[in-house]
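Note on naming: letters A, B, ... go to the chains in the order of the sequence lines (proteins, then strands), and numbering restarts at 1 for each one. Atoms considered below: every heavy atom in the structure, side chains included; atoms not considered: hydrogens, waters and symmetry mates.
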There are 2 protein chains.
Amino acid sequence: MRIGELARRTGVTPRALRYYEEQGLLTPERRPSGYREYGDRDVDAVHGIRTLLAAGLNSAAIAEILPGLPLPGQRQAGPTCPELLDGLARERARITRQMDELAAARAILDAIMGAEAPSEVIRTPRA
Amino acid sequence: MRIGELARRTGVTPRALRYYEEQGLLTPERRPSGYREYGDRDVDAVHGIRTLLAAGLNSAAIAEILPGLPLPGQRQAGPTCPELLDGLARERARITRQMDELAAARAILDAIMGAEAPSEVIRTPRA
DNA sequence: CTTGACTCTGCCGTCGGCGTGAAGGTCTAG
DNA sequence: CTAGACCTTCACGCCGACGGCAGAGTCAAG
């Protein structure tokens, strides 16, 4: 498919898709005309990229770890890289820390809401 | 205390502290010389600000909700503002969503690590 | 008085993930 | 053939939370 369709199927703008390619996250084929040609697997890849970006990973980190993504079987040209595992572990730790920070921030908000709410039942009790 | 001491006691640079003031998050007194004079409560305030910033709230949002922070009693000049609760709820929802996204991203990393790790015991099992 | 540490107010720089044109090729329906 | 939708490559703009520097004032110690 071409970039427009991939954009529609992923909810990501063409500009962002070109940016991902520039960062080495996607490597679509090219038609003789120069048009990019994407495969169906790229839909999943883009979703993965978006999830990882939303988690605060930068494109360099994603580029490093994303080659292991497809996950159909474990048949991957990957050399089961040693330093790759390092990067994965680091990012995982970052995410866990970030979750803790979010929990702390939410606790602050809850404390304020609890003090601020006119002694009603607490809204959105726990989620 | 002056800005340098507050900086040391909070681990935040003087530049950042001035920025927080510029954004209305801190309102230190001024000596006749123009020097900022902070109170002990500002130490806690800065920690709160840092936590909220780390959770992705921008300074405008923090400025909106932070007046309810001190929490010594509930004696607060606050009018138990109605729209304040709205902002609080919105930010809380944002945080919860963000935690979900982080969990999803971590799951991706775990999947890759699980496939990539040479069938050893999984590192950092659950945290 | 002088030195050195500290502080003040500007104001420009940075970084990442794009948005937003501009200027020009491609492709397909009628 | 032509219009219109789609695509290409530059290349500048943006935003938020500061970093960093310049030029100048403040203040306690010796």
Practice problem: Could you check which of C:dC18, C:dG17, D:dC18 has an atom nearest any side-chain atom of B:R50? | Solution: D:dC18
Exercise. Please report the shortest heavy-atom distance between A:P28 and A:E37, naming the atom on each side.
Key: CB-O, 3.6 Å
Quiz item: Of all the nucleotides listed (D:dG16, D:dT9, C:dC8), which has the minimum atom distance to the side chain of B:Y35?
Solution: C:dC8
Quiz item: Under the criterion side chain to side chain contact (heavy atoms under 4.5 Å, CB included), which of B:V12, B:T13, B:L17 is the partner of B:I3?
Solution: B:L17
Quiz item: Of the candidate nucleotides C:dT7, C:dT20, D:dA17, which contains the atom at the shortest distance from the side chain of A:R15?
Solution: C:dT20
Exercise. Ignoring backbone atoms, establish whether A:S59 has a side-chain N or O less than 4.0 Å from OP1 or OP2 of C:dG17.
Key: yes
Quiz prompt | Distance in angstrom units between B:E5 CD and C:dA5 C1', rounded | solution = 15 Å
Exercise. Take atom CG of A:L52 and atom P of C:dG16, then tell me their distance rounded to the nearest Å.
Key: 17 Å
Quiz prompt | Whole-Å distance separating the CG atom of A:L25 from the C1' atom of C:dG16 | solution = 13 Å
Practice problem: Report the residue (B:Q23 or A:G4) whose heavy-atom-nearest nucleotide on DNA chain D is the more 5′ of the two. | Solution: A:G4
Self-check item: Nearest listed nucleotide, side chain of A:R30, among D:dT9, D:dC18, D:dC27
Solution: D:dT9
Self-check item: Side-chain H-bond candidate by donor/acceptor type, A:Y38 with A:R9, under 3.5 Å
Solution: no
Quiz prompt | Whole-Å gap separating P (D:dT8) and CD (A:E22) | solution = 13 Å
Quiz item: Just wondering, do A:R106 and B:E91 contact through their side chains at under 4.5 Å, heavy atoms?
Solution: no
Quiz item: Between D:dG19, C:dG17, D:dT9, which nucleotide gets closest to the side-chain atoms of B:A16?
Solution: D:dG19
Exercise. Report the distance from atom OH of B:Y38 to atom P of C:dC6, rounded to the nearest whole Å.
Key: 16 Å
Exercise. Determine: side-chain N/O of A:S33 to OP1/OP2 of D:dC7, distance under 4.0 Å, yes or no.
Key: no
Quiz item: So B:R15 and B:E21, salt bridge (charged side-chain N to carboxylate O under 4.0 Å, His left out) or not? Walk me through it.
Solution: CA-CA 10 Å; B:R15 177 66 178 89; B:E21 179 180 4; over 6 Å; no
Quiz item: Roughly, in whole Å, what's the span from CD in A:E37 to C1' in D:dT8?
Solution: 15 Å
Quiz item: Any side-chain N or O of B:Y19 less than 4.0 Å from the OP1 or OP2 oxygen of D:dG16?
Solution: no
Quiz item: Out of D:dA17, D:dC6, D:dT8, which has the shortest distance to the side chain of B:N58?
Solution: D:dA17
Quiz item: Starting at CZ of B:R18 and ending at P of D:dG20, how long is that distance when rounded to a whole Å?
Solution: 13 Å
Exercise. Ignoring hydrogens and angles, state whether a donor on the side chain of B:T10 or B:R50 is under 3.5 Å from an acceptor on the partner side chain.
Key: no
Self-check item: Shortest side-chain distance from B:R36, nucleotide among C:dC27, C:dG17, C:dC8
Solution: C:dC8
Practice problem: Select base, sugar-phosphate, or nothing to describe what B:R31 touches, counting heavy atoms under 4.0 Å on all strands. | Solution: nothing
Practice problem: Check the distance between D:dC6's C1' and A:I3's CD1 and give it to me in whole angstrom. | Solution: 11 Å
Quiz prompt | N or O in side chain of B:T13 less than 4.0 angstrom from D:dG19 OP1/OP2 | solution = yes
